[in-house]
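These values consider heavy atoms only, across backbone and side chains, with no hydrogens, waters or symmetry-generated copies.
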Amino acid sequence: MTERTLRILVGKPGLDGHDRGAKIIARAFRDAGFEVIYTGLHQTPEQIVSASIQEDVDAVGLSILSGAHNSLLPRVCELFREKSADDIVVFGGGVIPEDDIPGLKAAGISEVFTPGTSTEDIVKWVRENVTPRA
Amino acid sequence: MSLAGRILEGDLRAAARLMRDLDDGFRSAADEMKQLFPRTGRAFILGITGPPGAGKSTLVDQLTAAYRRRGNTVGVVAIDPTSPFTGGAILGDRIRMNRHADDAGVFIRSLATRGHMGGLSRSTGDVVNVMDAMGMDVVIIETVGVGQDEIDIVRMAHTTVVVSVPGLGDDIQAIKAGVLEIGDLFIVNKADRDGAERTARELAAMLEMKQTKPGDWQPKVLMTEASRNCGIEEMVEEIGNHRRHLVESGALERICEERSVRHFMDLLKERLFAEVYGHIRVNGRFREIVEEMTSRRTDPYSAVERVIAERFAAGATPLS
């Protein structure tokens, strides 16, 4: 009775116009038994953080292809810290050069998945690294 | 401080957390709700129901904007289905509403049905009460996309809006029992589509056939194009008319009384079931009964009678 269902928000920050990858990930999370809140395209970091707090999610997965990852992803982490909600795990995926990953991790992004990562691997990472908060 | 105390001080994370505890069935949530309950009963509860794809989320988005323009705070509970196979769910109603995400006067929560039938989730009533205690003036419930018989919303909402779209069926659909009987207001959305006028006429004809007494509310049929914000002001106006009718006719008191009855009954059923079933599951009687029934040594009627008698025999100690 007292077992948490894992809740994850999948968001598309910024201006890029394709969310096929985000939808595939959302579907994979659904099939893994998680509750997925999908917020759709063109979200600002403020909208993503506010929605994550209202939905009481355990983790946020951000898909980004536009090249703006170095500003948008750290901004999401910064806003979570401002709202004392940095216990929410943030991870990212998309077209992100290897060279940028250390900087993103330093900014608070827990993991970055680049093109070619299987959905199984991403689900497995979530199971191992995200625990529903008691 | 308790979650309830923090919620009353305006802490959004505490509110979100209590909603999660309610959804996950935590015992502690009941204690929090005891504290919040005296602070509920003020919000106007609006239910939006209709088939998948009718545009309910877009309507809710436009209604939220309209109420905000009037200076009201708005809570939204948006329900989507849980997969019966994996227990997972994709909650996508926010896609249409996220422009309100950074408005402090709006709080949107997505819920999965988690196997509950009737168009709502088991936790919906409690989540609405949390939003009510948070001070939301209007709480809008968007049901899971319903078919013909998912009408729990009518017992939860003060005003129920049934959303239709052109092209879903012939006029026999309009006179069947179920979801079409519960509307206080009917919306034909996507009114730019072929057949919208005809759908509206058929709904209106159905409403005319309804036997009514003088002074009863007469539901109207309105046309909207939510994606272009057409017809929304008229819709808000008509919802306001219904609300005034509820207050002036005394129907609001009856609705609140019925809601109290239902709330108590639901909780009583849930607790009694948990009490009896928990008891026989722990002491192994449940397995025994299943085996006895399978081999036809006992019947379910006698088994239930015996179990209830055993559980409530004098001196039985309640489970914690």
Side-chain angles (χ1 to χ4, degrees), chain A residues 1-13 19 22-58 60-61 76 79-80 82-88 119 123 126-127 132-134, chain B residues 3 11-29 57 75-78 80-83 85-104 106-115 121 123 127 130-131 134 270 274 277-278 281:
Chain A
M1 190 175 175
T2 49
E3 203 171 293
R4 291 276 191 217
T5 300
L6 198 77
R7 281 168 75 88
I8 296 189
L9 184 138
V10 173
K12 283 282 307 175
D19 62 349
K23 284 175 180 157
I24 289 171
I25 294 296
R27 170 70 194 260
F29 287 155
R30 186 202 85 174
D31 290 344
F34 308 156
E35 285 181 0
V36 185
I37 292 94
Y38 183 50
T39 55
L41 291 164
H42 310 313
Q43 299 297 299
T44 64
E46 285 78 9
Q47 285 174 321
I48 287 167
V49 166
S50 171
S52 302
I53 287 173
Q54 292 181 9
E55 298 288 356
D56 195 40
V57 295
D58 303 299
V60 175
V76 169
L79 286 168
F80 274 130
E82 274 173 28
K83 306 221 176 202
S84 318
D86 48 347
D87 50 334
I88 296 174
T119 53
V123 168
V126 169
R127 285 196 198 285
R133 286 159 301 133
Chain B
L3 286 176
D11 182 341
L12 296 183
R13 280 212 96 187
R17 172 40 50 110
L18 179 54
M19 291 173 189
R20 178 104 176 253
D21 288 351
L22 289 161
D23 215 19
D24 287 337
F26 275 42
R27 277 279 171 108
S28 59
S57 301
V76 175
V77 183
D80 267 325
T82 293
S83 160
F85 303 109
T86 67
I90 293 193
L91 310 173
D93 293 330
R94 279 195 94 97
I95 292 176
R96 260 76 66 170
M97 308 174 194
N98 237 4
R99 63 173 161 147
H100 305 294
D102 36 19
D103 175 354
V106 178
F107 192 102
I108 303 169
R109 178 61 167 228
S110 312
L111 293 175
T113 53
R114 297 194 180 181
S121 75
S123 59
V127 171
V130 175
M131 289 188 178
M134 287 166 77
E270 197 182 305
Y277 178 68
R281 205 170 51 103

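With sequence neighbours excluded, the residues forming a side-chain contact (heavy atoms from CB on, under 4.5 Å) with B:I95 are A:Y38, listed by chain and number. Residues meeting the ring-ring contact (aromatic ring centres under 6.0 Å, His included) test with A:F34, sequence neighbours left out: A:F29.
The pair A:D87-B:R13 meets the salt-bridge criterion, with a side-chain N (NZ, NE, NH1 or NH2) lying under 4.0 Å from an Asp/Glu carboxylate O. The pair B:D21-A:R4 meets the salt-bridge criterion, since a charged nitrogen lies less than 4.0 angstrom from a carboxylate oxygen.
Ranking A:S84, A:G33, A:S50 against chain B, the residue ahead of the rest is A:G33, based on heavy-atom pairs under 4.5 Å. When the candidates B:S110, B:G92, B:A15, B:S83 are compared by the number of heavy-atom contacts under 4.5 Å with chain A, B:S110 comes out ahead. In terms of heavy-atom pairs under 4.5 Å with chain B, the best-connected choice from A:D31, A:L41, A:I48 is A:D31. With chain B as the partner, the residue from A:A32, A:A51, A:G40 showing the most heavy-atom pairs under 4.5 Å is A:A51.
Neither the backbone nor the side chain of A:L79 comes within contact range of chain B, judged by heavy atoms closer than 4.5 Å. Using a 4.5 Å cut-off between heavy atoms, A:T44 touches chain B through its side chain atoms alone. No part of B:V76 comes within reach of chain A, as not one of its non-hydrogen atoms sits under 4.5 angstrom from that chain. The contact between B:R114 and chain A is made entirely by side chain atoms (from C-beta outward), counting heavy-atom distances below 4.5 Å.
A:R27 CZ: 12 or fewer foreign heavy atoms inside a 6.0 Å radius.
Side chain of A:D86 to main chain of A:F80: no donor-acceptor pair is present (N/O by atom type, distance under 3.5 Å, no hydrogens or angles).
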